[in-house]
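What follows is one structure encoded as structure tokens, with my remarks underneath.
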4 protein chains.
Amino acid sequence: MQIRVKSIVEDPELVARRRSQLVPAAIKLFCRRGFHRTTVKDIARAARVSAGLVYQYVHDKHDLLFLALTHIVETNKQEIPASLKGVTDPVLRLSTAIEAYARVMDANRDAVLLTYRESKSLTRDHKEVLKSMELETNKLISSCIEDCIRAGYMKKVNVELLTYHLVVLSHAWALKHWRLRHITTLDEYISTNIHSVWENLLTPKGRQRHAQSLGAPLRERVKAAV
Amino acid sequence: MQIRVKSIVEDPELVARRRSQLVPAAIKLFCRRGFHRTTVKDIARAARVSAGLVYQYVHDKHDLLFLALTHIVETNKQEIPASLKGVTDPVLRLSTAIEAYARVMDANRDAVLLTYRESKSLTRDHKEVLKSMELETNKLISSCIEDCIRAGYMKKVNVELLTYHLVVLSHAWALKHWRLRHITTLDEYISTNIHSVWENLLTPKGRQRHAQSLGAPLRERVKAAV
Amino acid sequence: MQIRVKSIVEDPELVARRRSQLVPAAIKLFCRRGFHRTTVKDIARAARVSAGLVYQYVHDKHDLLFLALTHIVETNKQEIPASLKGVTDPVLRLSTAIEAYARVMDANRDAVLLTYRESKSLTRDHKEVLKSMELETNKLISSCIEDCIRAGYMKKVNVELLTYHLVVLSHAWALKHWRLRHITTLDEYISTNIHSVWENLLTPKGRQRHAQSLGAPLRERVKAAV
Amino acid sequence: MQIRVKSIVEDPELVARRRSQLVPAAIKLFCRRGFHRTTVKDIARAARVSAGLVYQYVHDKHDLLFLALTHIVETNKQEIPASLKGVTDPVLRLSTAIEAYARVMDANRDAVLLTYRESKSLTRDHKEVLKSMELETNKLISSCIEDCIRAGYMKKVNVELLTYHLVVLSHAWALKHWRLRHITTLDEYISTNIHSVWENLLTPKGRQRHAQSLGAPLRERVKAAV
DNA sequence: GATGAATGAGGCTTCATTCAT
DNA sequence: GATGAATGAAGCCTCATTCAT
């Protein structure tokens with residue numbers, strides 16, 4: 001995925017290594033100070049390299065932003081499948097997926113904020129790439145929803161719309177964390193705000209299924225994974 | 001509220017007039033190009049004044065951002081009470097308020113995006129002011145919720161949390177409009193995603209109340225107001 | 001002619017004044033150090049203005065070069081007509097024009113060098129403009145030649161080619177001055193190398209005409225004019 | 001001659017081989033883009049070597065320019081003696097030499113331009129070397145002139161001055177080629193502008209001599225040599 | 001000897017802000 | 001009060017040169 005950004009240095013291993021220095025530094029600083037107030041030199045310094053080196057691995061300061069946002073999305077995306085490993089029951093899979101998603105967002109609140117704030121500064125092309133990556137990630141959840149519907153556990157709803165509802169609520173925890181943390185906890189937020197959304201759409205049969213799985217140490221497993 | 005920003009010029013009327021030139025120009029440009037890529041000169045030009053004049057009515061470029069964001073919130077805030085005028089039934093008031101809110105957000109999608117993107121660039125103090133303004137606006141909705149609960153129409157829930165759920169969904173329509181517009185309409189979004197959230201929390205008595213008011217030309221009234 | 005270069009400042013008088021500070025400074029430095037080794041800051045300093053100011057009167061560093069070269073050509077071009085004022089005899093006019101040209105080139109040897117050296121650094125468009133200005137200047141001489149031919153004083157020759165021969169010899173005095181000054185004087189150079197070229201092309205009638213005018217204090221007059 | 005530029009590598013053969021890779025690459029690029037806009041990396045790439053290697057055979061980027069200009073002059077200088085081989089008549093030798101010179105300049109118009117444009121970027125020392133090389137080359141022509149004078153074929157003139165006149169006209173063909181090619185051909189240029197200069201200085205005896213040699217297929221021979 | 005990654009000085013340019021008019 | 005020219009700090013980026021491998 002990072003191939004989208006050209007670097008002067010050819011050796012892919014070195015590119016990967018250097019970028020794995022640069023990108024976290026960039027993420028940290030972009031989160032802290034924003035894209036425009038972060039200097040390329042700042043990033044170089046934080047990555048313990050010279051300013052000139054940056055431009056051997058990235059064409060632009062904008063590319064650095066793209067790599068940063070891309071990295072975040074990519075990383076987040078990997079967490080959910082991990083949490084679903086071995087889970088087969090459709091309702092439990094959905095429950096697990098969305099909970100994992102929410103907890104990943106919580107663990108990377110800075111990154112969520114960054115995404116909402118700085119996407120504007122991307123190239124049109126980069127913006128498109130990022131959007132399609134978002135859609136891909138969403139698919140991890142929407143496919144769980146579809147499975148539930150197909151199995152008759154959930155009413156027939158606009159799947160992507162529901163997905164966005166859940167996704168956006170997870171983001172909201174990060175976006176409004178400055179206030180939400182004073183009025184609730186993550187656990188409550190997830191169960192009250194997020195889970196209830198899809199639980200209300202379960203069929204009677206789905207509710208039954210759901211009730212059974214609640215015995216399992218769901219939450220703990222996901223927490224550990226994150 | 002705008003008194004928070006000092007200007008060299010004393011005459012409050014003139015200050016108001018000049019700022020009413022500057023702020024809309026600033027909003028337009030900040031929305032289009034973002035805060036950092038918008039030049040003070042750009043704003044001056046758009047407001048048909050000289051660059052120097054800006055600094056007689058504003059201390060800083062940041063102040064301009066503050067005034068812009070402040071203006072947006074203020075404006076939005078005024079819309080909701082208007083829509084509630086004459087509505088007395090608690091359930092209908094809640095329904096009306098949230099619908100008005102959602103439609104205002106839709107009408108000012110740019111502004112919503114701007115708020116999420118550029119708040120970071122504010123002073124610590126200004127950020128606090130803006131947050132408290134957000135809370136005030138939310139109170140317009142949360143007080144409706146409280147009325148419903150008090151009247152026994154709604155279960156006892158974490159009022160502010162529910163408010164945020166509704167508010168954030170309205171924002172999400174703007175934030176994710178690039179995708180949502182392809183998978184639903186505003187009307188469907190409001191009824192399916194937003195209204196259902198609180199409707200699911202109504203007591204049986206509340207549901208009854210709600211069912212009755214559905215006969216009224218609710219949506220139309222709010223639409224007109226916006 | 002300077003209208004070709006856009007400036008942010010509108011007032012044409014101010015533009016003219018500032019540019020008349022900047023351009024000579026640029027010429028001096030470009031001549032001394034070359035275009036690339038001259039810093040915009042150097043020019044600003046030499047012109048006693050701030051670095052930022054330069055960009056209010058010029059879009060580019062390249063524009064500065066264009067204005068510099070343009071200014072040189074323009075200035076040179078004005079000298080020749082002045083020297084011809086009142087001279088009517090075709091042969092004498094030609095003689096006077098070419099001598100004036102040569103002396104102007106001598107007086108601006110640096111500028112001639114600059115033109116040959118740095119034209120390459122111009123935009124394609126600017127290069128074209130400069131070329132056409134060169135052709136215009138040449139026309140001052142070629143029209144004198146044409147008059148001589150028309151009057152039967154000179155053989156029918158390729159007028160522009162002869163013009164270039166004369167022009168290039170004048171430039172050569174500047175281009176090879178490092179050596180020529182050791183082996184001749186400007187006066188000898190002009191009479192031996194330059195004048196002889198067209199004198200050899202005179203018709204008998206032309207030679208007669210020419211011989212008569214040699215009584216006149218030609219050289220002195222042109223010298224004074226330059 | 002290239003010994004003037006020190007290299008880290010000792011083996012002179014290797015130095016020669018590497019430089020014969022580097023210098024043509026440098027010439028090509030310097031001609032095309034100019035000295036300053038050509039990157040050392042560009043040259044290395046064009047010469048199919050690494051950037052670092054350049055600095056083992058050259059101290060400086062400036063050295064590369066020196067070697068390039070030096071190479072050009074050296075190469076050109078070798079052409080003239082070749083064309084004179086077997087020609088003994090003084091007038092014909094002069095005629096042949098200058099024609100050869102002009103045609104070499106035509107064949108290397110880029111190089112001529114380069115020399116005029118970028119000599120400025122050389123070290124003081126390098127500039128001197130180049131100048132003395134130019135004088136050496138000129139001597140190839142001036143000695144022909146001297147022979148003609150000594151033989152009574154040509155008037156007693158300032159030999160070096162005449163040489164420069166001829167040389168500069170040959171350069172002018174390259175320098176003003178953008179225009180001259182529209183108004184004449186190389187052949188006409190040589191005969192009309194260049195040859196006529198010295199032909200006009202022949203003594204009657206010289207003219208006779210010259211007329212005789214005109215039967216010979218002069219031009220063709222020189223053309224072939226170039 | 002050869003490579004090419006790394007360095008870091010320095011250039012061009014932008015733009016928030018000031019200030020004389 | 002209004003103007004807009006002037007300032008100068010600071011940022012992005014390039015590229016000659018070095019040096020570890």
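Each chain gets a letter, A, B and so on, in the order the sequences are listed, and its residues count up from 1. As the structure is a prediction and not an experimental result, all values here were calculated from the model.
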Once you round it to whole Å, what is the distance between [atom2] of [N] and [atom1] of [X]?
{"X": "C:Tyr55", "N": "F:dG11", "atom1": "OH", "atom2": "P", "value": "18 Å"}
{"X": "D:Arg18", "N": "E:dA2", "atom1": "CZ", "atom2": "C1'", "value": "8 Å"}
{"X": "C:Leu22", "N": "F:dA6", "atom1": "CG", "atom2": "C1'", "value": "12 Å"}
{"X": "C:Arg19", "N": "F:dA6", "atom1": "CZ", "atom2": "C1'", "value": "17 Å"}
{"X": "A:His62", "N": "F:dC13", "atom1": "NE2", "atom2": "C1'", "value": "13 Å"}
{"X": "C:Arg48", "N": "F:dA6", "atom1": "CZ", "atom2": "C1'", "value": "17 Å"}
{"X": "B:Lys61", "N": "E:dA16", "atom1": "NZ", "atom2": "C1'", "value": "8 Å"}
{"X": "C:Glu10", "N": "F:dT3", "atom1": "CD", "atom2": "C1'", "value": "14 Å"}

Problem set entry | Distance, nearest 0.5 Å, that separates NZ of C:Lys28 from CG of C:Asp42 | 10.5 Å
Exercise. Which residue lies toward the 5' end of DNA chain E, A:Gln56 or C:His59, if each is placed at its nearest nucleotide?
Worked result: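 Whichever sits nearer the 5' end wins; that is A:Gln56.
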Exercise. DNA chain E: D:Asp11 or A:Leu53, which has the more 5' nearest nucleotide?
Worked result: D:Asp11
Exercise. In terms of the angle between their ring planes, are A:His126 and A:Phe66 parallel, tilted or perpendicular, with boundaries placed at 30° and 60°?
Worked result: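 Rings of A:His126 and A:Phe66: parallel, as their planes differ by under 30°.
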Exercise. Mind checking whether C:His36 and D:His36 have parallel, tilted or perpendicular rings, split at 30° and 60°?
Worked result: parallel
For this session: Classify the nucleic acid contact of D:Ile8 as base, sugar-phosphate or nothing, counting any heavy atom under 4.0 Å across all strands shown.
Result: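 D:Ile8: no heavy atom of the nucleic acid under 4.0 Å.
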Seminar exercise, completed: By nearest-heavy-atom nucleotide on DNA chain F, the more 5' of D:Gly52 and C:Leu14 is C:Leu14
Problem set entry | Salt-bridge present (D:Glu128, D:Arg124; N to O < 4.0 Å) | yes
Problem set entry | Close approaches to DNA chain F from residues 36-47 of chain C, in residue order (heavy atom, under 4.0 Å) |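 Output list: empty, so none.
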Exercise. Across all strands, who's sitting opposite F:dA20 as a Watson-Crick or G-U wobble pair, both distances under 3.5 Å?
Worked result: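 WC or wobble partner is E:dT3.
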Exercise. Can you check whether B:Tyr57 has a side-chain N or O nearer than 4.0 Å to OP1 or OP2 of F:dA2?
Worked result: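 It does, given that an N or O in the side chain of B:Tyr57 lies less than 4.0 Å from OP1 or OP2 of F:dA2.
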Exercise. Is the shortest side-chain N/O distance from D:Ser50 to OP1 or OP2 of E:dT3 below 4.0 Å?
Worked result: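 Answer is yes, contact under 4.0 Å.
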For this session: Considering non-hydrogen atoms only, spot the tightest contact between A:Leu65 and A:Phe30 and give its length.
Result: CA-CE1, 3.6 Å
Problem set entry | Heavy-atom side-chain contact between A:Ile43 and A:Leu64 under 4.5 Å | yes
Exercise. Does the side chain of A:Leu130 come within less than 4.5 Å of A:Ser119's, by heavy atoms?
Worked result: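 The answer is yes, as the side chains (C-beta and beyond) meet within the 4.5 Å cut-off.
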Problem set entry | Options F:dC12, E:dA5, F:dT17, nucleotide nearest the side-chain atoms of A:Val9 |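 Of the options given, the side chain of A:Val9 lies nearest E:dA5.
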